[in-house]
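Every heavy atom of this structure was used, including side-chain atoms; hydrogens, water molecules and symmetry mates were not. First the proteins, then the strands, lettered A, B, ... as listed; each starts at 1.
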Protein chains: 2
Amino acid sequence: MEKTYSIKEVADYFKLPISTIRYYDKKGLLPFVSKNEAGYRVFSESDFGFIKTICCLKNTGMPIKDIQTYIELCMQGTRTIDQRKEMLQQHKQNVVQKQQLLAESLQEINTKIERYDSKDSQTIISAQIKFVKDEKRDLHLKDPFI
Amino acid sequence: MEKTYSIKEVADYFKLPISTIRYYDKKGLLPFVSKNEAGYRVFSESDFGFIKTICCLKNTGMPIKDIQTYIELCMQGTRTIDQRKEMLQQHKQNVVQKQQLLAESLQEINTKIERYDSKDSQTIISAQIKFVKDEKRDLHLKDPFI
DNA sequence: TTAAACCCTAAACTACGGTTTATAGCAAGC
DNA sequence: GCTTGCTATAAACCGTAGTTTAGGGTTTAA
């Protein structure tokens, strides 16, 4: 016999607070979850697959409303495959763009860390401060350094 | 003579709403910006460097409060280099972790797109639906498909 | 000199993604 | 039979990161 799972077991597995799972359910992200006679949520193995997808979309920044739309399409069977594909392709573009921005910004952070880490850091930063101070003075603007 | 810039010019350059720049100033992210007699913000070339750094930290998910702390350290001169380095190193770890999670999730999204895109998509998805239906029936749980 | 386009502040408002609180039912262990 | 601990709902609340609005003052160009 296959096992069923409580909300706590699911929460522990996905490292999500129970309150978040209930919130997702309220927002229509978990239409596949049943309830028992007492009104308790009862999860099956296959629900874990859906929830993994939800986490994946959430982790990549898809808004709750859009995840809800996607899941709803999933519940409508094979006839929504094209719509789902289009949603994911659009979302993928966003994610790739996010990745690029992240990579570029990380690049900059690394450059700064290297500068701070170099043996000439004092000299380099001093020169930068002097540059700013000179520019501000030339423009009759206040010196921003304390 | 060097040029100064208005808030609108800065907003256009960084593609940020003017309201966001004012918000950042209010939150203490722009202590290096001067004001003229009329109370208008006056930006210099070197301010663009600081703002670029702010955008970089924001784009990588650093909270406004932490960016404020970092900028404050910058304004205290060379004696805060070690603290700044440590902040950025810590932040870098977060960013790398974010990158990994993003890459993994993108992987999953790609797998799904491929599945939706394959010529057997109907068959594959139908099999998945059958699997879920069977499991739910075995457990006496309601069928989630419409 | 007057309209258009710009700038300011303060404070209220918004969206998002939950979290907390308050109420209560049920079930197992002591 | 009492406590502990799980579950439920609904509604209030929270932090973050802005955005909008109200009520001004300033600058520029015709």
Task: Length of the CG-C1' vector between A:D25 and D:dT7, whole Å - done: 13 Å
Open item on the list: For the aromatic rings, using the six-membered ring if either is Trp, is the centroid distance between A:F48 and A:Y13 under 6.0 Å?
Closed with: yes
Task: OG on B:S6 to CD on B:E9, rounded to 0.5 Å - done: 4.0 Å
Open item on the list: Can you confirm whether B:F32 sits close enough to B:I51 that some side-chain heavy atom of one is under 4.5 Å from a side-chain heavy atom of the other?
Closed with: yes
- [ ] Return the value, rounded to whole Å, for the distance between atom NZ of A:K35 and atom P of C:dC26.
- [x] 15 Å
Task: Distance, rounded to the nearest Å, where B:I21 contributes CD1 and C:dC6 contributes P - done: 14 Å
- [ ] Between protein and nucleotides 11-30 of chain D, map the contacts as a letter string: B base, S sugar-phosphate only, - none, heavy atoms under 4.0 Å, written 5' to 3'.
- [x] ------BBBB----BS----
- [ ] Could you tell me whether the side chain of B:K92 and the main chain of B:M87 form a donor-acceptor pair under 3.5 Å?
- [x] no
List, one per line, each side-chain donor-acceptor pair under 3.5 Å for residues 125-132 of chain A, sequence neighbours excluded.
from: A:S126; atom 1: OG; to: A:Q122; atom 2: O; distance (Å): 2.8
from: A:K130; atom 1: NZ; to: A:D134; atom 2: OD2; distance (Å): 2.6

Task: Spacing of A:I7 atom CD1 relative to D:dT9 atom C1', expressed in whole Å - done: 12 Å
Open item on the list: Nearest whole Å is fine: how far is C:dG18 C1' from A:I54 CD1?
Closed with: 15 Å
Task: Point-to-point distance, once rounded to the nearest 0.5 Å, from CG of A:D117 to NZ of B:K85 - done: 4.0 Å
Open item on the list: Distance check needed: D:dT9 C1' versus A:I18 CD1, whole Å only.
Closed with: 15 Å
Open item on the list: Check the phosphate of C:dC7 against B:R41, side-chain N and O only, distance under 4.0 Å to OP1 or OP2. Yes or no?
Closed with: no
